[in-house]
Amino acid sequence: MRIVSIGPDPSLAYRPNLMPEAKEKEDYRNFKTGSLFDRVYNTYKLMHTHQTLDFVKQKHSEWSCCSRTQMSMMEAIMSLDQLVDESDPDVDFPNSFHAFQTAEGIRQAHPDKDWFQLVGLIHDVGKILALWDEPQWAVVGDTFPVGCEFQNSIVFRSNSFQENPDDKNSAYRTKYGIYEPNCGLDNIYMSWGHDEYLYRVLKKNECSVPEEGMYMIRYHSFYPWHSHGDYMHLCNDKDLQMMPWVQEFNKFDLYTKTTDLPDVDNLKPYYQSLIDKYCPGVLHW
């Protein structure tokens, strides 16, 4: 396995720490308590009940052709002004602000990687599905493989899968399920959501985001893998080489969430230039 050296954890440099609302690292992703707990748990309960192999295949069929509408990337980003992610225990403000927070954190720590900054900006744009009448449990939240054993690191694993039919299907309850050892994540059906959808939109529109960025987009919500080390038995060498990039992205995706909201109007011209470079024009969604 080739280890990618990306550098030290830059969190102290990019996390706002002058605001009284700023949180310590250990306070993020609290799935046990908090004012948003009921909302978060209910979203995951629905997700873990209905996200089955058959459901995921159905969603691939529905959305992979990208024939819903046409719009620019910036239009899609700004449409997230209308969306508050019901699975997120850390924030209760529109997702568009999170896009610019993440991008600005990356820009400060990685000024030489404009493609990385763009990924920070667009990584959650797939959540636009929730504005097209998809339920949030089929759009947001942590992702996980279907068609094989649901591992214990999945959020609320112990008390949210009781009504999922795949959890009772002997063909899907083994370590490998329908897959071969080290078959590669590209050959795995992940629970359906915004990660996979945006990945497919970018591929369909032949956007020039580097492969490292495409991995960040496709797997940034796959916490059981990049944060807990599960499902490694399904990974191939390419997945292992890309994993450090996904982990580096996760620092910014998570720890830039704060009530110190960015000046979006001031930032838009710079990020429009990155959009024009990597995913220009009107895209098919």
Side-chain angles (χ1 to χ4, degrees), residues 1-11 14-15 25-31 44 47-48 51 56 85 87-90 98 101-103 105-106 109-110 113 115-117 119-120 122-127 139-157 175 179 181-199 202 209-257:
M1 168 181 163
R2 179 171 61 88
I3 301 297
V4 179
S5 178
I6 301 174
D9 184 345
S11 63
Y14 63 74
R15 279 172 52 212
K25 280 188 174 183
E26 59 270 18
D27 294 327
Y28 285 85
R29 285 180 59 82
N30 178 355
F31 290 103
Y44 274 101
M47 179 197 306
H48 295 166
Q51 288 270 7
V56 170
D85 185 335
S87 72
D88 195 330
D90 295 315
H98 171 58
Q101 286 176 330
T102 307
I106 295 169
H110 295 283
K113 294 182 176 64
W115 62 267
F116 194 178
Q117 300 162 27
V119 168
I122 70 175
H123 72 283
D124 276 347
V125 171
K127 292 179 183 179
V139 178
V140 302
D142 294 4
T143 57
F144 51 90
V146 294
C148 62
E149 180 183 32
F150 301 126
Q151 296 198 359
N152 289 333
S153 60
I154 298 173
V155 172
F156 302 121
R157 171 64 181 99
K175 180 178 180 180
Y179 307 113
N182 306 116
C183 61
L185 295 181
D186 189 51
N187 295 304
I188 300 297
Y189 285 103
M190 299 293 297
S191 56
W192 178 254
H194 67 282
D195 303 47
E196 184 69 22
Y197 175 59
L198 180 60
Y199 170 80
L202 296 179
V209 176
E211 189 169 35
E212 294 88 348
M214 295 294 276
Y215 256 76
M216 294 172 184
I217 287 165
R218 197 177 193 185
Y219 300 114
H220 70 271
S221 299
F222 189 11
Y223 275 84
W225 174 60
H226 65 64
S227 293
H228 298 283
D230 274 344
Y231 296 102
M232 300 297 287
H233 54 284
L234 300 177
C235 295
N236 58 22
D237 287 343
K238 180 180 177 181
D239 300 324
L240 299 181
Q241 291 168 8
M242 290 293 166
M243 188 178 189
W245 285 104
V246 180
Q247 292 171 326
E248 176 70 0
F249 172 79
N250 176 249
K251 300 172 186 176
F252 303 95
D253 184 20
L254 186 56
Y255 300 127
T256 56
K257 294 176 181 177

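Both backbone and side-chain heavy atoms feed into the values below; hydrogens, waters and symmetry mates do not. Quick caveat, the model's predicted, so the values are computed rather than measured.
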### Task
Compute the ring centroids of His48 and Tyr44, then answer whether they are less than 6.0 Å apart.
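They qualify: ring centres under 6.0 Å apart.
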
### Message
For His123 and Phe249, I'd like to know if the aromatic rings sit close, meaning centre-to-centre distance below 6.0 Å.
### Response
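Here the rings of Phe249 and His123 have centres that are less than 6.0 Å from each other.
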
To the nearest 0.5 Å, what is the distance between [atom1] on [X] and [atom2] on [Y]?
{"X": "Asp253", "Y": "Gln101", "atom1": "CG", "atom2": "CD", "result": "10.5 Å"}
{"X": "Asn187", "Y": "Tyr179", "atom1": "CG", "atom2": "OH", "result": "9.5 Å"}
{"X": "Trp245", "Y": "Met216", "atom1": "CH2", "atom2": "CE", "result": "5.5 Å"}
{"X": "Met243", "Y": "Phe222", "atom1": "CE", "atom2": "CZ", "result": "8.5 Å"}
{"X": "His228", "Y": "Tyr223", "atom1": "NE2", "atom2": "OH", "result": "9.0 Å"}
{"X": "Thr102", "Y": "Ile122", "atom1": "OG1", "atom2": "CD1", "result": "12.0 Å"}

### Task
Compare all side-chain heavy atoms of Ile154 with those of Asp142 and state whether any distance is below 4.5 angstrom.
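No, too far: nothing below the 4.5 Å cut-off.
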
Are the side chain of [X] and the backbone of [Y] linked by a donor-acceptor contact shorter than 3.5 Å?
{"X": "His194", "Y": "Val139", "value": "yes"}
{"X": "Ser191", "Y": "Phe144", "value": "yes"}
{"X": "Tyr231", "Y": "Leu185", "value": "no"}

Please find the pair of heavy atoms, one from [X] and one from [Y], that lie closest to each other, and give the distance.
{"X": "Gly213", "Y": "Val119", "answer": "CA-CG2, 3.8 Å"}
{"X": "Leu240", "Y": "Cys235", "answer": "CD2-CB, 4.0 Å"}
{"X": "Val246", "Y": "Tyr219", "answer": "CG1-O, 3.8 Å"}

Verify whether one side chain among [X] and [Y] offers a donor that lies under 3.5 Å from an acceptor in the other.
{"X": "His220", "Y": "Asp124", "result": "yes"}
{"X": "Ser153", "Y": "Asp230", "result": "yes"}
{"X": "Glu248", "Y": "His110", "result": "yes"}

### Query
Of all residues at least two apart in sequence or in a different chain, which pass the salt bridge (charged side-chain N to carboxylate O under 4.0 Å, His left out) check with Lys175?
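Lys175 satisfies salt bridge (charged side-chain N to carboxylate O under 4.0 Å, His left out) with no other residue.
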
### Message
Just checking Tyr189: does its OH atom have more than 12 heavy atoms from other residues, nucleotides or ligands closer to it than 6.0 angstrom?
### Response
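Open.
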
### Query
Taking Tyr215 as the fixed residue, which of His226, Gln241, Lys238 is the one that meets the side chain to side chain contact (heavy atoms under 4.5 Å, CB included) rule?
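So, applying the side chain to side chain contact (heavy atoms under 4.5 Å, CB included) to Tyr215 and each of His226, Gln241, Lys238, only Lys238 qualifies.
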
